[in-house]
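Let me begin by presenting the structure, written as structure tokens, before commenting on it.
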Amino acid sequence: QVQLVESGGGLVQAESSLRLSCAASGGTFSSNAMGWFRQAPGKQREFVAGIRWGADSTYYAVSVKGRFTISRDFAKNAVYLEMNTLKPEDTAVYYCAARGDLSTYTRDYHRDDTYDYWGQGTQVTVSS
């Protein structure tokens, strides 16, 4: 059973930076993909960024491309989301997710129903 634990959220001012971490345990990730999603109050959960564990391929939502960077650390079984130039509209609960099936990943990496495991989420609040 894979367990994901996010950390690093908080309250920051617009234009600030935050780094979210996701520590994974209970499984192997050499063939998996990881993703970050977020959910703002009253809105559906949306894709933010994704990375294939064994490759350098990364994917981003249009709204965060150029500001956010996803990365992974094999040794620590961790995934990170570096968020720069934060905006009030980035305010949300951020979730880390993991998926094992990569057969359709390049087509559906943005779909939350393709991910098997989820963390509990970490709140990010950006004030104007």
Side-chain angles (χ1 to χ4, degrees):
Q1 181 75 9
V2 174
Q3 293 181 327
L4 305 174
V5 179
E6 303 98 333
S7 61
L11 171 63
V12 296
Q13 291 187 332
E15 303 298 313
S16 297
S17 299
L18 272 178
R19 187 190 195 213
L20 304 183
S21 300
C22 174
S25 62
T28 58
F29 299 92
S30 60
S31 60
N32 286 7
M34 303 288 290
W36 286 97
F37 289 77
R38 67 186 182 186
Q39 187 167 23
K43 294 187 177 181
Q44 288 189 330
R45 186 163 55 190
E46 64 175 1
F47 171 79
V48 176
I51 187 168
R52 290 187 62 165
W53 197 252
D56 291 333
S57 302
T58 56
Y59 304 84
Y60 296 95
V62 172
S63 59
V64 307
K65 197 168 186 178
R67 300 188 297 122
F68 292 11
T69 302
I70 188 171
S71 61
R72 77 269 192 260
D73 185 325
F74 290 114
K76 296 182 178 180
N77 260 1
V79 175
Y80 307 99
L81 185 68
E82 185 76 33
M83 305 185 294
N84 298 314
T85 320
L86 282 161
K87 304 175 181 180
E89 49 264 43
D90 294 318
T91 295
V93 177
Y94 283 71
Y95 297 92
C96 174
R99 63 183 275 179
D101 182 6
L102 298 182
S103 60
T104 59
Y105 180 72
T106 56
R107 297 195 301 273
D108 58 22
Y109 58 83
H110 59 286
R111 287 177 46 186
D112 60 359
D113 61 345
T114 64
Y115 289 76
D116 306 302
Y117 302 101
W118 292 84
Q120 82 288 349
T122 185
Q123 176 71 47
V124 173
T125 304
V126 184
S127 64
S128 57

**Set of salt bridge (charged side-chain N to carboxylate O under 4.0 Å, His left out) partners for Asp73, sequence neighbours left out** =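 In terms of salt bridge (charged side-chain N to carboxylate O under 4.0 Å, His left out), with neighbours along the sequence ignored, Asp73 is linked to no residue.
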
**Item:** Any pair counted as disulfide (SG to SG under 2.5 Å), so long as it reaches residues 97-128, sequence neighbours left out
**Value:**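 Pairs touching residues 97-128 that pass the test: none.
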
**Message:** Test: disulfide (SG to SG under 2.5 Å). Region: residues 89-128. Which pairs qualify, not counting sequence neighbours?
**Reply:**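 The answer is Cys22-Cys96.
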
**Message:** Can a donor-acceptor pair be found, under 3.5 Å and without considering hydrogens, that links the side chain of Arg67 to the backbone of Ser63?
**Reply:**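 The answer is yes, because a donor-acceptor pair under 3.5 Å joins these two groups.
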
**Request:** Mark yes or no for whether Tyr105, through its side chain, and Gly100, through its backbone, hold a donor-acceptor pair below 3.5 Å.
**Result:**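 No, Tyr105 side chain to Gly100 backbone: no donor-acceptor pair under 3.5 Å.
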
Can you list everything that forms a side chain to side chain contact (heavy atoms under 4.5 Å, CB included) with [X]? Sequence neighbours excluded, please.
X      : result
Ala23  : none
Gln123 : Thr91, Val93, Thr125
Ser16  : Val12, Gln13

With [X], which residues qualify under side-chain hydrogen bond (donor to acceptor under 3.5 Å, both in side chains), at least two apart?
X      : result
Gln120 : Glu6
Ser71  : none
Ser128 : none

With sequence neighbours excluded, give me every salt bridge (Lys or Arg N to Asp or Glu O under 4.0 Å) pair touching [range].
range            : result
residues 33-44   : Arg38-Glu46, Arg38-Asp90
residues 7-24    : Arg19-Glu82
residues 110-120 : Arg45-Asp112, Arg111-Asp113

If I compare all heavy atoms of [X] with all of [Y], which pair ends up nearest, and what's the gap?
X      : Y     : answer
Thr122 : Gly9  : OG1-N, 3.2 Å
Val126 : Lys87 : CB-O, 3.3 Å
Tyr115 : Ala97 : CD2-CB, 3.6 Å

Hey, what do you get for [atom1] ([X]) to [atom2] ([Y]), rounding to the nearest 0.5 Å?
X     : Y      : atom1 : atom2 : answer
Phe68 : Thr58  : CZ    : OG1   : 14.0 Å
Leu4  : Tyr117 : CG    : OH    : 9.5 Å
Tyr80 : Trp36  : OH    : CH2   : 10.0 Å
Ser17 : Leu86  : OG    : CG    : 6.5 Å
Tyr60 : Ile51  : OH    : CD1   : 7.0 Å
Thr69 : Asn84  : OG1   : CG    : 6.5 Å

**Prompt:** Given Arg99 and Asn32, is the side-chain contact (heavy atoms from CB on, under 4.5 Å) satisfied, shown in steps?
**Reply:** CA-CA 6 Å; Arg99 63 183 275 179; Asn32 286 7; 6.0 Å; no

**Prompt:** Step by step, would you call Phe37 with Phe47 a ring-ring contact (aromatic ring centres under 6.0 Å, His included)?
**Reply:** CA-CA 4 Å; Phe37 289 77; Phe47 171 79; 5.6 Å; yes

**Message:** Checking Met83 against Tyr94 for the side-chain contact (heavy atoms from CB on, under 4.5 Å) test, could you report, in this order, the C-alpha distance in whole Å, the side-chain angles of both residues, the deciding distance, and whether it holds?
**Reply:** CA-CA 12 Å; Met83 305 185 294; Tyr94 283 71; 3.9 Å; yes

**Asked** So do Ile70 and Val79 actually touch side chain to side chain, heavy atoms under 4.5 Å?
**Response**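 SC-SC contact between Val79 and Ile70 confirmed.
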
